[in-house]
Structures are given as structure tokens and as C-alpha cells.
Amino acid sequence: MKASLCAAAASSFERLFLDGALPKSAKSIDGGTELTDSNAGPARTRYAPSPTGPQHIGGMRTALFAWLFARRHGGQFILRIEDTDQKRSVPGSLEMILQSFDWLGMDIDEGPREGGPYGPYVQSERLELYQAWAAWLVENGHAYKCFASVEELAEMRAAGAGYDRRYRDTSAARAANLEAQGLPYVIRFKMPLTGVTVGEDMIRGPIEFDNDKMQDAVLLKSDGYPTYHLAHIVDDYHMKISHVTRAVEWLPSFPLHLQIWKAFAWEEPQFAHLPVLLNPNGKGKLSKRKQQFTDAAGKSVPVLVQEFIEAGYLPAAVMNFLCNIGWNYGDNEEIFSIAQAIERFDLKDVNPANSAYPIAKLDWLNSQYIQRAGDDELCRRLKPILEKAGYSVDGERLKRVAPLLRVRLKSLNDVLPMAGFFFDDWTAFSPPAVDILIQRKMDDQQTAAVLRDAILVLERLDDFAPEAQQAAMASYAKATGFKNGQVFGTLRAAVTGQRVSPPTFETMEILGKAESLRRLKLALASLQQAVA
RNA sequence: GGCCCCUUCGUCUAGCGGCCUAGGAUGCCACCCUUUCAAGGUGGAGACACGGGUUCGAGUCCCGUAGGGGCUACCA
């Protein structure tokens with residue numbers, strides 16, 4: 001017999017939450033559908049974070065796998081906010097979570113923003129539902145009211161054991177009496193005292209748990225809020241979730257959850273306990289609370305989605321990066337589109353082992369994605385970064401600069417030190433210090449000579465295309481005995497003011513002949529003044 | 001402490017009993033290319049945690065040990 005709420009509770013709930021949402025013909029509020037084979041039909045998966053702050057990359061990967069599975073099976077992906085711990089709720093969390101999904105392009109079918117037929121999708125707005133089902137569990141002998149005080153509980157914990165089930169067998173009359181006295185209570189689940197519970201995990205297979213090792217977990221707190229244990233099951237049932245995906249830290253409470261499903265006599269969904277991300281050194285779970293990590297180069301390691309955005313990563317690269325942790329596309333392919341991933345993704349193929357956060361690979365992947373990006377996309381991504389840094393960006397100029405940057409950027413932000421000078425106020429250009437201007441194995445005299453000669457050579461050029469410049473300067477180098485690198489490097493430094501830049505002649509072409517010559521003369525004058 | 005999960009190159013992974021003298025990627029090193037920085041090309045070093053079984057045959061199955069991770073809250 002399937003659990004259903006008493007008429008009073010059901011009607012009050014219907015009025016509150018289900019008005020017009022469920023077909024009126026639904027016999028009772030539970031109206032769950034029979035779930036079919038795991039991979040047969042459309043899947044409904046969910047990501048159910050607590051709103052405790054910025055979106056963490058670990059949670060994002062968990063969400064990604066749920067999302068991929070839903071998309072693979074043509075189902076729905078649901079976002080549900082689990083804010084049953086009032087103390088831990090952080091305002092603005094939902095916005096940050098949504099921003100993360102939007103940035104990565106993970107579309108949500110049902111959720112607090114999107115709405116949907118099984119809302120509300122925020123647990124604090126569903127309190128009556130949990131309370132009604134908790135009451136149902138008590139009435140049907142699957143749960144009981146526990147009046148133990150926090151002091152009592154602390155004593156029991158201090159004594160080494162957990163809660164001793166002292167109210168498990170309290171008579172209904174006595175419980176009513178205690179309640180009438182105004183004693184606060186929680187509702188606890190009556191976990192079977194003997195036997196084993198076998199949980200089937202999609203990734204790991206069957207897992208056995210001894211029931212006598214389990215506690216009588218709290219389902220409903222004394223403040224009327226449910227715990228995760230109750231709330232997620234009630235919601236997963238009502239929201240018709242077909243596959244529950246969550247991090248491995250939930251594995252120890254798996255048997256508890258299974259027993260609750262059983263107590264309700266609801267057909268349980270399938271479960272996949274996903275591996276988690278460990279710190280880059282492999283020690284400990286990657287956590288948002290722990291200290292910041294830095295890589296070998298001293299660069300701080302991003303762990304919040306916001307940090308990936310700020311660090312100049314492409315969302316497609318981050319998605320690809322996440323897919324490659326604990327799952328792989330196959331065919332020895334490291335780089336693939338999200339559409340390709342959807343075609344092949346299966347929870348069953350997820351590696352059960354936790355993994356160290358392989359952040360070093362992201363730089364490589366990101367540079368690969370930048371190389372493959374179209375000109376338009378590259379410009380579109382680069383523009384706001386330049387503008388944020390205070391440059392005023394001319395679209396046409398950016399269009400000419402971007403291709404030179406394509407193979408040189410690990411991160412979009414690298415555009416700043418590499419090519420920011422293109423977007424500076426040219427009239428304010430000042431030549432570099434002599435230590436940048438003078439190339440290796442050259443002195444000030446030679447540098448001055450090269451600059452002086454280059455001005456003459458380049459001035460005569462009618463065709464200022466890079467090839468023409470290069471031909472002219474290469475023959476000059478040959479004639480004078482300088483290495484190409486010495487001559488070209490001097491020009492680079494004079495014209496860009498930098499040691500590292502895009503290719504010199506392409507750069508000068510974009511600056512234009514007049515501006516390039518002006519800069520060379522400026523450099524020459526500055527050098528002569530410095531050594532005088 | 002108890003319970004649960006996990007264990008292939010530094011790292012991410014392929015491998016689902018013979019195709020493995022273990023493949024790919026990243027990182028590292030070398031060389032090539034080269035106007036800087038990159039990119040690209042070629043090559044190199046680099047792993048089945050350990051010990052028992054099962055089997056004609058084990059990285060692949062079982063047991064144990066060790067190591068790692070997690071849970072053990074009126075947090076999720």
C-alpha cells in the first residue's frame with residue numbers, strides 16, 4: 001500500500017502548492033508515476049544545493065553529471081534549493097548559483113526561477129508538506145516523537161554512543177502528555193534494529209549496510225523544519241526524480257534513505273553517488289572554506305565559478321575540463337563539445353574514485369579553446385576584459401589584433417599584458433627604458449645604429465605589409481651582420497615598449513607606418529638622451 | 001574508535017581474464033621550427049599500493065594488509 005496523506009493535510013497542501021499544478025484527476029497528492037528501467041525512458045535529475053554562498057566548482061561538477069544524464073535521456077533537469085538550515089542560509093546564494101549555470105550554459109527545466117509543475121522549488125516554502133508526511137510516518141508507526149533535550153543528547157554523545165532511542169517505544173498517550181506540557185520534540189525515524197539494507201549504486205553496484213549500526217535519525221526538527229533526510233525524499237518523490245545524484249559523502253546515510261522510501265512504500269529512484277574533488281595535492285576534499293590554494297607558480301587556484309569567470313576562462317573549456325574528471329569521452333579524445341558529451345554520457349561510466357583537482361589541465365584546455373575560437377567570439381570575449389582594464393576598445397582594431405593573440409593566450413586576461421598597448425592612447429606612448437630596448441649581446445651604440453637605420457629603411461617602404469617589412473629588415477640584418485633576432489627585437493621593444501609582444505611586423509602594420517616610425521624615433525631620442 | 005567508499009605514470013584517465021613488453025592527455029625534460037612569447041612537430045623519463053588466493057592465464061575476480069577519502073549533528 002502506497003503512502004498518501006490524510007484528506008485534511010492533502011487538501012491544505014493542494015490549496016497551498018498544487019493549485020492548478022497537478023491534474024485535478026490525481027487521486028492523491030502523491031500521485032507518483034511508476035518508474036521504469038534506469039536508461040529506458042526520459043530521466044528527471046536534480047541538483048539540490050544549500051544556499052550557503054558562492055557556487056563551488058565541486059558542486060558544479062556534480063550538477064553537470066546530473067544535467068548531462070538528463071539531457072542524454074531527453075529528460076528534465078531540476079534545480080531545488082535546500083534551505084532547511086536557516087542558520088546556514090546566505091542571502092544572494094540563489095543568484096550566484098543561477099549565474100553559474102547561465103555562464104556555463106547549463107539550462108534548467110524546473111526551478112525557483114523557471115517555475116514548473118512540481119513547485120515550489122525552495123524547501124522553506126514546502127514546510128507543511130514535510131510536516132504532513134512526518135506526521136504520517138508517526139501515525140503509521142515508522143517514526144516517533146523524541147523529547148530528549150540537547151543536554152541529554154550531548155551526554156549520550158559524550159558517553160561514546162549515539163542517541164539511545166529512549167523515546168522509540170514511548171506510548172502514544174505518554175507522548176501526547178509530554179507534548180501537552182509544551183515539551184519541544186523532534187520526529188525520529190524508526191530504523192530497523194536488525195538485518196541489512198542493500199543499496200544499489202549505479203556507479204558502485206550493491207552495497208550492504210548493517211541496520212544495527214544506524215541511528216534513529218531526526219526527520220523533523222523541533223523548529224518544524226525537516227532535515228535533509230526527510231525533505232529530499234519527500235521532494236524527490238513529489239518531483240518525480242528518477243535518478244538521484246549526489247556526492248559520495250551521502251553514502252553512509254544511503255540505507256537510512258532507502259528505509260524511509262520503504263516506509264512510505266514509494267518506489268525509490270535509482271541512485272548514483274558521485275566521487276568528489278580532492279585538493280590539488282590529493283589530500284582532503286576540495287572545500288570552499290579551506291585556505292586558498294596556489295599552484296607551483298604561485299598563482300591562486302580557482303574553486304568558485306565566479307573565480308573561473310574572473311580568471312578569463314572560456315565556459316566551454318571549463319565544461320570540457322569538468323567532464324574529464326571522473327568521466328571520459330573515449331576514443332582517447334580529450335577535447336569534445338558538450339553536445340558530444342551528451343551523446344555518450346552515462347552515470348554508469350563514472351569512475352568511483354575521488355580525484356585530485358587537475359587544475360593544471362584547464363590552462364591547456366583553455367588555450368586550445370581560444371585557438372579554436374572564431375574571430376568574432378574571440379573579440380567578443382576580449383572586449384569586456386580590455387574595457388574593464390580601462391582601455392577604450394576600437395572594434396576594427398581589435399579585429400586585427402585578435403588573430404595575433406590566438407595562439408598566445410592561456411587565459412583571456414593575458415590579452416592585457418600582451419596587447420593592451422594597442423588600445424592605449426597612442427599620443428601618450430613613451431619609449432621603454434634602455435634595459436628593455438637594448439637586446440642581448442648588443443650595446444647602446446649598436447642599438448642606436450639599428451634604430452637609425454631601421455627608420456631609413458622603413459621610411460622608404462611603400463608596401464608596409466609585414467612580409468615587406470620583414471624582407472627589408474632581414475636584408476638589412478644580413479648586410480650589417482646582426483642577427484635577425486637582434487634587429488627584430490630592437491624594433492619590437494621600441495614600438496611596443498615590451499619584451500614580449502605579438503609578432504613585430506604585424507604589430508607595426510596595425511600601428512601604421514607613421515605611428516611606427518614615430519615610435520622608433522622616440523626610442524632613438526630617448527636612448528641617446530639616456531646614454532649622453 | 002565504529003561503519004562505508006576508493007586505490008593504474010606527479011596529475012586526469014583508458015583498461016570491464018588472454019588484444020597489456022599497460023594506451024591517451026597534462027605536466028616535466030630534450031631536440032626541431034622560430035623575430036620575443038606562444039603555438040606546432042619529434043622523442044624521452046614516468047604507473048597496475050603490498051601480500052595471499054582463484055585460474056592454463058590477473059591491472060582486470062576473491063580475501064587480507066596498508067594508504068587515501070567520507071560519515072558517525074535538531075548541517076547539508
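Keep in mind it's a predicted model, so treat the numbers as computed, not measured.
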Return the value, rounded to whole Å, for the distance between atom [atom1] of [X] and atom [atom2] of [N].
{"X": "A:D349", "N": "B:C12", "atom1": "CG", "atom2": "P", "answer": "19 Å"}
{"X": "A:I325", "N": "B:U26", "atom1": "CD1", "atom2": "C1'", "answer": "12 Å"}
{"X": "A:D212", "N": "B:U72", "atom1": "CG", "atom2": "P", "answer": "18 Å"}
{"X": "A:I207", "N": "B:C4", "atom1": "CD1", "atom2": "P", "answer": "10 Å"}
{"X": "A:Y144", "N": "B:C74", "atom1": "OH", "atom2": "P", "answer": "11 Å"}
{"X": "A:L365", "N": "B:G24", "atom1": "CG", "atom2": "C1'", "answer": "14 Å"}
{"X": "A:H257", "N": "B:C71", "atom1": "NE2", "atom2": "P", "answer": "13 Å"}
{"X": "A:N279", "N": "B:G70", "atom1": "CG", "atom2": "P", "answer": "9 Å"}

Toward the 5' end of RNA chain B, by each residue's nearest nucleotide, A:E334 or A:V500 |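 That would be A:E334.
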
Identify, between A:V218 and A:I203, the residue whose nearest nucleotide on RNA chain B lies closer to the 5' end.
->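 The answer here is A:I203.
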
Rounded to whole angstrom, note down the [atom1] distance from [N] over to [M].
{"N": "B:G24", "M": "B:A47", "atom1": "P", "value": "14 Å"}
{"N": "B:U11", "M": "B:C28", "atom1": "C1'", "value": "12 Å"}
{"N": "B:U7", "M": "B:C48", "atom1": "C1'", "value": "10 Å"}
{"N": "B:G68", "M": "B:A49", "atom1": "P", "value": "16 Å"}
{"N": "B:C32", "M": "B:G51", "atom1": "C1'", "value": "48 Å"}
{"N": "B:C4", "M": "B:A45", "atom1": "P", "value": "43 Å"}
{"N": "B:G41", "M": "B:G59", "atom1": "C1'", "value": "33 Å"}
{"N": "B:U54", "M": "B:C6", "atom1": "P", "value": "25 Å"}

Minimum-distance nucleotide (side-chain atoms of [X] versus [options]):
{"X": "A:M418", "options": "B:C37, B:A38, B:G23", "answer": "B:C37"}
{"X": "A:V407", "options": "B:U7, B:A39, B:U26", "answer": "B:A39"}
{"X": "A:L153", "options": "B:G70, B:C74, B:A39", "answer": "B:C74"}
{"X": "A:R88", "options": "B:C75, B:C74, B:G24", "answer": "B:C75"}
{"X": "A:D85", "options": "B:G69, B:U36, B:C75", "answer": "B:C75"}
{"X": "A:P352", "options": "B:U7, B:G23, B:U11", "answer": "B:U7"}
{"X": "A:Q215", "options": "B:A25, B:U72, B:C75", "answer": "B:U72"}
{"X": "A:Q368", "options": "B:G40, B:G70, B:U35", "answer": "B:G40"}
{"X": "A:W364", "options": "B:U11, B:U26, B:G40", "answer": "B:U26"}
{"X": "A:R492", "options": "B:G40, B:A76, B:U36", "answer": "B:U36"}

So, is [X] near the phosphate of [N], with a side-chain N or O under 4.0 Å from OP1 or OP2?
{"X": "A:K410", "N": "B:A39", "result": "yes"}
{"X": "A:R499", "N": "B:U35", "result": "no"}
{"X": "A:S355", "N": "B:U13", "result": "yes"}
{"X": "A:N351", "N": "B:A14", "result": "yes"}
{"X": "A:N328", "N": "B:A14", "result": "yes"}
{"X": "A:Q470", "N": "B:U34", "result": "no"}
{"X": "A:R406", "N": "B:A39", "result": "no"}
{"X": "A:K221", "N": "B:C75", "result": "yes"}
{"X": "A:S367", "N": "B:A38", "result": "no"}

Contact class for [X] (heavy atom, under 4.0 Å): base, sugar-phosphate, or nothing?
{"X": "A:P226", "answer": "sugar-phosphate"}
{"X": "A:G326", "answer": "sugar-phosphate"}
{"X": "A:W327", "answer": "nothing"}
{"X": "A:G489", "answer": "nothing"}
{"X": "A:F209", "answer": "sugar-phosphate"}
{"X": "A:P184", "answer": "nothing"}
{"X": "A:K213", "answer": "sugar-phosphate"}

Establish whether the base of B:U36 is bridged to the side chain of A:R408 by a donor-acceptor pair shorter than 3.5 Å.
->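 A donor-acceptor contact between them is present.
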
Within the modelled atom types, does a donor on one side and an acceptor on the other bring the side chain of A:T227 and the base of B:C74 under 3.5 Å apart?
->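 There is none.
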
Using both distances under 3.5 Å as the test, list the Watson-Crick or G-U wobble partner of [N], or none.
{"N": "B:A58", "answer": "none"}
{"N": "B:G64", "answer": "B:C50"}
{"N": "B:C9", "answer": "none"}
{"N": "B:A22", "answer": "none"}
{"N": "B:A45", "answer": "none"}
{"N": "B:C71", "answer": "B:G2"}

For A:F308, all residues meeting ring pair (Phe, Tyr, Trp, His ring centres under 6.0 Å), sequence neighbours excluded =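 Only A:Y313 meet the ring pair (Phe, Tyr, Trp, His ring centres under 6.0 Å) criterion with A:F308.
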
What heavy-atom pair brings A:I97 and A:Q55 nearest, and what distance separates the two atoms?
->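 A:I97 and A:Q55 have their closest heavy atoms at CG1-OE1, 3.6 Å.
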
Quick check, are the ring centers of A:F254 and A:F271 under 6.0 angstrom apart?
->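 Yes, ring centres under 6.0 Å apart.
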
A:Y329 ring center within less than 6.0 Å of A:F345 ring center |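 So the answer is no for these two rings.
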
Would you please test A:E151 and A:S149 for side chain to side chain donor-acceptor pair (under 3.5 Å) and show each step?
-> CA-CA 5 Å; A:E151 291 77 22; A:S149 66; 3.3 Å; yes

Please confirm whether the backbone N or O of A:S50 pairs with a side-chain atom of A:D83, one donor and one acceptor, at under 3.5 Å?
->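 Checked: no pair found.
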
A:R80 side chain vs A:R46 backbone, donor-acceptor pair below 3.5 Å =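 No, A:R80 side chain to A:R46 backbone: no donor-acceptor pair under 3.5 Å.
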
Just how far is it from atom CE of A:M319 to atom CG of A:L314, taken to the nearest 0.5 Å?
->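 Going from the CE atom of A:M319 to the CG atom of A:L314 covers 12.5 Å.
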
If you count the non-hydrogen atoms of other residues, nucleotides and ligands that lie under 6.0 Å from NZ in A:K483, is the total more than 12?
->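 No, the 6.0 Å shell around NZ holds no more than 12 heavy atoms from other groups.
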
Kindly indicate whether the side chain of A:L127, heavy atoms from C-beta on, has any atom under 4.5 Å from the side chain of A:Y225.
->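 A side-chain contact under 4.5 Å exists here.
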
